[in-house]
Amino acid sequence: MESGQLSVEYNAENALYDLHCHSHFSDGELAPADLVARAAAQGVTHLALTDHDTTAGIRVAQEAIKQQELPLQLIPGVEITCRWQAFEIHLVGLNVDVEHPALVALLEAQQQMRKRRYEAMLAKLHKAGIDVAPPLAADLTMPTRKHLADALVEQGWVKDIETAFRRYLGKGQQAYIATEWSSLEAAIAAVQAAGGKAVIAHPHAYQLSNKWLRRLLQESKNWGVDGVEVAISQQRPGDRLALATMAREIGLAGSAGSDFHGPRPWRELGKNLCLPPDTVPIWDTWTPS
Ligand code: MN
Ligand code: MN
Ligand code: MN
């Protein structure tokens with residue numbers, strides 16, 4: 001790996017940060033108790049739980065750490081789906097006060113939108129003759145398209161998740177409904193009002209040209225964003241260093257996160273998350289060394 005040296009440094013400090021993962025409070029597979037146990041077993045010392053548009057799992061995770069006496073510090077986080085230009089951009093909030101009214105209000109609005117969208121997409125599926133019966137929106141903390149996809153697969157309408165998205169749930173497909181997500185600017189403001197750090201998630205997932213990526217980061221910086229995810233478990237060679245360079249040029253700290261959703265051979269909590277040496281770690285902005 002390009003930053004193998006740095007892992008030695010982290011080991012010396014005995015700190016391993018993973019600042020992006022999901023529990024079953026959104027579209028992750030593990031309960032918070034299993035997630036934190038797995039993180040600790042992988043040597044993670046600082047874990048941010050960043051479920052989609054909800055912080056409902058944080059308290060449960062915190063309790064589980066206490067109960068299992070794990071050597072793990074939990075960083076309260078959230079991943080907020082935002083709109084910016086024509087794009088859907090994900091913003092990670094780290095070290096947030098989960099009870100702050102500004103954040104609570106924004107997440108409640110997002111949650112309502114998700115529930116309405118989930119029901120509207122299900123209605124579209126039914127109208128198309130797809131008689132699928134996924135969990136009720138009311139029974140889910142945070143209904144996502146993944147829940148619809150899982151039901152489509154389990155009940156035999158499609159052979160796998162990818163087909164479910166390609167045929168029905170993906171952007172522009174038969175059952176797709178566009179959503180009026182929070183603006184990126186408002187989400188950054190809410191995270192920071194709640195005392196947190198705002199970080200642009202997985203910048204290469206949006207399929208932006210370099211010019212647009214720079215524009216996203218620069219405009220976010222103008223709105224006060226604190227950082228950008230530089231180290232992501234699965235990255236194309238070169239992407240991490242390119243992001244580190246862009247972050248440095250624009251004046252953003254770098255974050256590191258696996259975006260773990262469940263046990264997979266290719267993605268693990270805490271794996272392959274070293275920041276390049278010239279990146280300011282986002283955690284230094286809340287724990288100056
Ligand atoms: Mn997800
Ligand atoms: Mn995301
Ligand atoms: Mn994520």
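In what follows, every heavy atom counts, from backbone to side chain, and hydrogens, waters and symmetry copies are set aside. Each ligand, and each atom within it, is numbered from 1 in the order the structure gives.
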Please determine whether a side-chain nitrogen of the Lys or Arg among E88 and R83 lies less than 4.0 Å from a carboxylate oxygen of the Asp or Glu. no
Looking at the Mn ion (ligand 1), is one of the N, O or S atoms of H261 less than 2.8 Å from it?
-> yes
Query - Sidechain N-carboxylate O distance under 4.0 Å for R59, E99 - result: yes
In short, F165 meets Q173 closest at the heavy-atom pair O-CG, 3.6 Å
Quick note, side chain to side chain donor-acceptor pair (under 3.5 Å) partners involving residues 251-265, not counting sequence neighbours, are D18-S258, H20-D259, H22-D259, D27-H261, E29-R264
In short, side chain to side chain donor-acceptor pair (under 3.5 Å) pairs touching residues 100-116 with sequence neighbours left out are D53-Q110, D53-R114, T81-R114
R117 meets the salt bridge (charged side-chain N to carboxylate O under 4.0 Å, His left out) criterion, sequence neighbours left out, with none
Taken by chain and residue number, the protein N/O/S atoms under 2.8 Å from the Mn ion (ligand 2) read E79 OE2, H90 ND1, H202 NE2
Q.
Check D34 with R38, please: is the shortest side-chain N to carboxylate O separation under 4.0 Å?
A. no
Closest to the Mn ion (ligand 1), among the N/O/S atoms of D27, is atom OD2
